[in-house]
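Everything below concerns the one structure shown next.
Letters A, B, ... are given to chains in the order of the sequence lines, protein chains preceding strands, and every chain is numbered from 1. Any value given below was found using the heavy atoms of this structure, including those in side chains, with hydrogens, waters and symmetry copies removed.
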Amino acid sequence: MTNPIVTRFAPSPTGFLHIGGARTALFNWLYAKAKGGRMLLRIEDTDRRRSSEEAVEAILAGLKWLELDWDGEPVFQHAHQARHREIAEALLAEGMAYKCYCSSEELTEMREKARAEGRPPVYDGRWRDRDPGDAPPDVDPVIRFKSPREGETVIDDAVQGPVRVANSELDDLILLRSDGTPTYMLSVVVDDHDMGITHVIRGDDHLTNAARQLQLFVALDWQTPQFSHVPLIHGSDGAKLSKRHGALGVEAYRDMGYLPAALRNYLVRLGWSHGDDEIFSTEELIKWFDLDAIGRAPARFDFAKLESLNSHYINTSPDETLIAAIRALPDQLLNQHGLVGDTENWQKLTRALPVLKPRARTLIDIIEGARFLFATRPLTMDAKADKILSDQSVEVLRELLAELETSAAWDVPSLERDVRGFIEANDIKMGAVAQPLRAALTGGTTSPGIFDVLALLGRDEALERIRDRL
RNA sequence: GCCCCCUUCGUCUAGUGGUUAGGACGCCAGGUUUUCAACCUGGAAACAGGAGUUCAAUUCUCCUAGGGGGUGCCA
C-alpha cells in the first residue's frame with residue numbers, strides 16, 4: 001500500500017450547493033470511502049468580493065443534509081494567501097515567472113486582434129523576455145507564469161482518457177494579480193499539493209484548467225494528482241442548468257420532499273453505472289464505486305426518475321427516518337400543507353404513516369395524504385366529493401351509520417367485516433358505499449383504504465363526520 | 001473565431017468485431033380493485049449522418065452535423 005487516497009471537494013462560496021456540486025461531492029466522498037481514504041473540504045474563496053459567509057453556510061448545510069461528511073476542518077483557501085504568494089515569488093526568483101505591465105485595455109485589444117485573425121486568443125507574452133528597465137513607473141505589474149511555448153501538455157484523465165492540448169493554446173497565466181493577491185490557478189495547485197490531494201475529481205468545465213495546472217505542478221517539481229473530469233449535468237431540455245430546472249440548491253430538493261438517500265442514488269446514476277443496477281445501498285456504493293465506470297457524456301436531469309427512486313426509499317425507510325425527515329422541513333412549509341406541528345397531529349401522522357407511504361412519491365405527498373386527519377369538523381367537501389354525496393348516497397350513509405354505531409370493535413378487520421356484511425345484506429356494490437363514505441370522512445375522493453381511514457379517525461370522529469353529511 | 005470534450009429507446013444507462021442491442025424511469029394497453037397509489041401481464045421505443053478498415057461494424061479510424069465546456073487580474 002503506497003499513499004492513502006485523498007480527495008477534496010472544493011466549491012467556491014458564491015451561492016448554494018447546486019445539484020452538479022452535490023454530485024461532485026458525492027463522487028469525491030464515494031471514491032475516498034471506496035479506497036479507504038479521506039475526503040477534504042476546501043472553500044475556494046480566493047476572490048473575496050464574490051465570496052460570502054452565507055454561501056459557505058449554505059454549502060455546509062447542503063452537504064450535511066446529503067449526509068456527506070468530510071474529514072477534518074474545512075480549509076479556507078483565503079487563509080493561505082501568504083503561502084501562495086511565496087510560491088509565486090520563488091518562481092519569479094528562479095526565472096520561471098515574470099512581471100507583466102500590460103493594461104487590461106491592451107489585453108482586450110490583443111485578444112480581439114487574435115480572434116479576428118483566427119488565432120487562439122491568448123496573451124502574446126510581450127513582457128516575457130522584456131528588459132525590466134522598460135517597466136512603466138506607475139503601473140503595478142501582475143506576475144505571470146512562464147509556460148512552455150513548444151510541445152503539448154497531456155492530461156492523463158481517469159475519466160476522459162488522455163487529453164492533449166497544444167502549449168501554443170495556453171498562454172502565460174497570471175499567478176499574482178497587480179494587487180499582489182494570488183489567483184485561483186495558483187492557489188489550487190499549491191493547496192492541492194500542500195493538502196496532499198492524490199485525486200482531483202471535478203466538473204469537466206475545469207478540463208482546460210487542468211492543463212495549466214499540470215504545467216505548474218511540473219514547474220514546481222511536485223507530484224501531480226490523478227485528474228478525473230466528470231461531464232456536467234444539464235437541465236431537462238439539454239441546456240445548461242439554470243434556475244428553472246436543476247440549478248436549485250439541495251435544500252430546494254429537501255423542500256420538495258426528497259430523501260437524501262434517494263437524491264444520492266439518483267445522482268450517482270447520473271454518469272456512473274454498475275451493470276444494470278439501479279438501487280444501491282450506501283455500502284454497495286462504497287464497495288463498487290470506481291472512476292473507470294464514470295461515463296463521458298453529459299446527462300440530463302429527470303425529475304420523474306428521481307421521484308420513482310424517492311418513492312422506493314420512502315417505502316423502504318423506517319418510519320422514524322421518515323418522521324425525522326418531515327420534522328426537518330421548515331415549519332412554514334409544513335403549515336402550508338395543513339400540518340400544524342402540535343403533538344396530536346404528529347401522533348396522527350405517525351399512526352397513518354404505514355398506509356400513507358405506499359401512495360406517496362415525496363414527503364409532501366405523505367403530509368398531503370394525512371391532511372384529512374388534521375382537518376376539523378365540519379369538513380368542506382371538494383367538488384368531486386360533493387357530487388358523490390347525492391341524495392341516494394346520503395341514504396346509504398344513513399343506513400350504514402346505524403350499522404356502524406352498533407359496531408363492537410373499531411379496528412380494521414371488524415370494520416371491514418361490518419361493512420361487507422352491510423353491502424351483502426343490501427345487495428349493493430362496495431364502491432357505492434366506499435366512495436360516499438370516503439367523501440364524508442375526508443372531504444375528497446382519494447385516500448388510503450376506507451377501513452384504514454375509519455380506523456385512523458377513531459370511532460367518535462368518524463361517526464360525527466358521517467352525521468355531518470346527513 | 002480558436003481549443004477541448006461528447007453522441008445507444010423521450011430520459012438515465014448496459015453491452016459486444018458476429019446479440020432477437022439488455023435494464024430502469026416515463027409512456028400505451030389489459031388485469032386486479034372501495035378511490036388513489038401499488039402490483040401483475042403485454043406493448044411501442046435507440047446505436048446522429050457519411051466514408052474507410054474488415055468476411056462482418058453499434059463496437060476500430062476519419063469527416064460532417066448537433067450538443068456541451070473553455071477561451072478573465074472569476075472560481
For E461(A), the side chain to side chain donor-acceptor pair (under 3.5 Å) test, sequence neighbours excluded, returns R465(A)
For atom [atom1] of [X] and atom [atom2] of [N], their distance in whole Å:
X       : N      : atom1 : atom2 : result
D124(A) : C2(B)  : CG    : P     : 20 Å
L214(A) : G70(B) : CG    : P     : 20 Å
I294(A) : A14(B) : CD1   : P     : 12 Å
L207(A) : C5(B)  : CG    : P     : 7 Å
D204(A) : G69(B) : CG    : P     : 9 Å
Y258(A) : C25(B) : OH    : C1'   : 13 Å
N310(A) : A37(B) : CG    : P     : 17 Å
D157(A) : G69(B) : CG    : C1'   : 14 Å

Roughly how many Å apart are [M] and [N], using the [atom1] atom of each and rounding to a whole number?
N      : M      : atom1 : answer
C6(B)  : A46(B) : P     : 25 Å
G49(B) : A37(B) : C1'   : 44 Å
G15(B) : U59(B) : C1'   : 9 Å
G31(B) : C9(B)  : P     : 33 Å
A65(B) : A75(B) : P     : 35 Å
C55(B) : G50(B) : P     : 22 Å
G43(B) : A24(B) : P     : 13 Å
U16(B) : G22(B) : P     : 15 Å

Does any N or O donor sit under 3.5 Å from an N or O acceptor when you compare the side chain of R438(A) with the base of U34(B)? yes
Suppose we call a contact any N or O donor and acceptor under 3.5 Å apart; does that hold for the side chain of N209(A) and the base of A75(B)? yes
What does [X] touch in the nucleic acid at a heavy-atom separation under 4.0 angstrom: a base, only the sugar-phosphate, or nothing?
X       : result
I450(A) : base
F451(A) : base
P448(A) : base
G369(A) : nothing
S273(A) : sugar-phosphate
S178(A) : base
T446(A) : base
P231(A) : nothing

Apply the test salt bridge (Lys or Arg N to Asp or Glu O under 4.0 Å) to residues R42(A) and E44(A): give CA-CA distance (whole Å), side-chain angles for both, the deciding distance (0.1 Å), then the verdict. CA-CA 6 Å; R42(A) 184 173 74 222; E44(A) 311 241 305; 2.7 Å; yes
Using a strict 4.0 Å threshold on nitrogen-to-oxygen distance, state whether [X] and [Y] make a salt bridge.
X       : Y       : value
E395(A) : R398(A) : yes
R8(A)   : D192(A) : yes
R130(A) : D134(A) : yes
R128(A) : D172(A) : yes
D382(A) : K384(A) : no

R50(A) and T14(A): side-chain donor and acceptor closer than 3.5 Å? no
Look at R361(A) and A38(B) and indicate whether a side-chain polar atom (N or O) is within less than 4.0 Å of OP1 or OP2. yes
Specify whether [X] and [Y] have parallel, tilted or perpendicular ring planes, treating 30° as the upper limit for parallel and 60° as the lower limit for perpendicular.
X       : Y       : answer
F217(A) : F227(A) : perpendicular
H274(A) : W272(A) : parallel
Y266(A) : F301(A) : perpendicular
Y31(A)  : F289(A) : perpendicular

Closest to side chain of [X], choosing from [options]:
X       : options                : value
V142(A) : C3(B), C5(B), C73(B)   : C73(B)
T208(A) : G70(B), U35(B), C73(B) : G70(B)
M430(A) : A75(B), C6(B), U34(B)  : U34(B)
D276(A) : C73(B), G69(B), G23(B) : G23(B)
D47(A)  : G68(B), A75(B), C6(B)  : A75(B)
E169(A) : C5(B), U35(B), C3(B)   : C3(B)
K305(A) : C25(B), U13(B), C36(B) : C25(B)
E278(A) : C3(B), G70(B), C12(B)  : C12(B)
L270(A) : C4(B), G70(B), C12(B)  : C12(B)
R115(A) : C12(B), U34(B), U71(B) : U71(B)

N/O to N/O distances under 3.5 Å, protein versus nucleotides 48-50 of chain B:
none

With both distances under 3.5 Å as the test, what is the Watson-Crick or G-U wobble partner of G1(B)? U71(B)
Base partner of A48(B), which must satisfy Watson-Crick or wobble distances under 3.5 Å: U64(B)
Evaluate the criterion salt bridge (Lys or Arg N to Asp or Glu O under 4.0 Å) for residue pair R420(A) and E416(A); output intermediate values, then yes/no. CA-CA 6 Å; R420(A) 289 203 186 275; E416(A) 175 155 11; 2.9 Å; yes
Salt bridge (Lys or Arg N to Asp or Glu O under 4.0 Å), that's the test. Do R371(A) and E368(A) meet it? Break it down for me. CA-CA 5 Å; R371(A) 200 166 188 150; E368(A) 277 296 326; 2.8 Å; yes
Whether H206(A) stacks on the six-membered ring of A75(B) base, 5.5 Å and 30° limits: yes
If each of A10(A) and R296(A) is mapped to the nucleotide of RNA chain B with the nearest heavy atom, which maps nearer the 5' terminus, i.e. the 5' end? R296(A)
If you pin S311(A) and R269(A) to their nearest nucleotides in RNA chain B, which one's is more 5'? R269(A)
Show me the protein contacts with nucleotides 58-62 of chain B, counting only N or O atoms at under 3.5 Å.
none

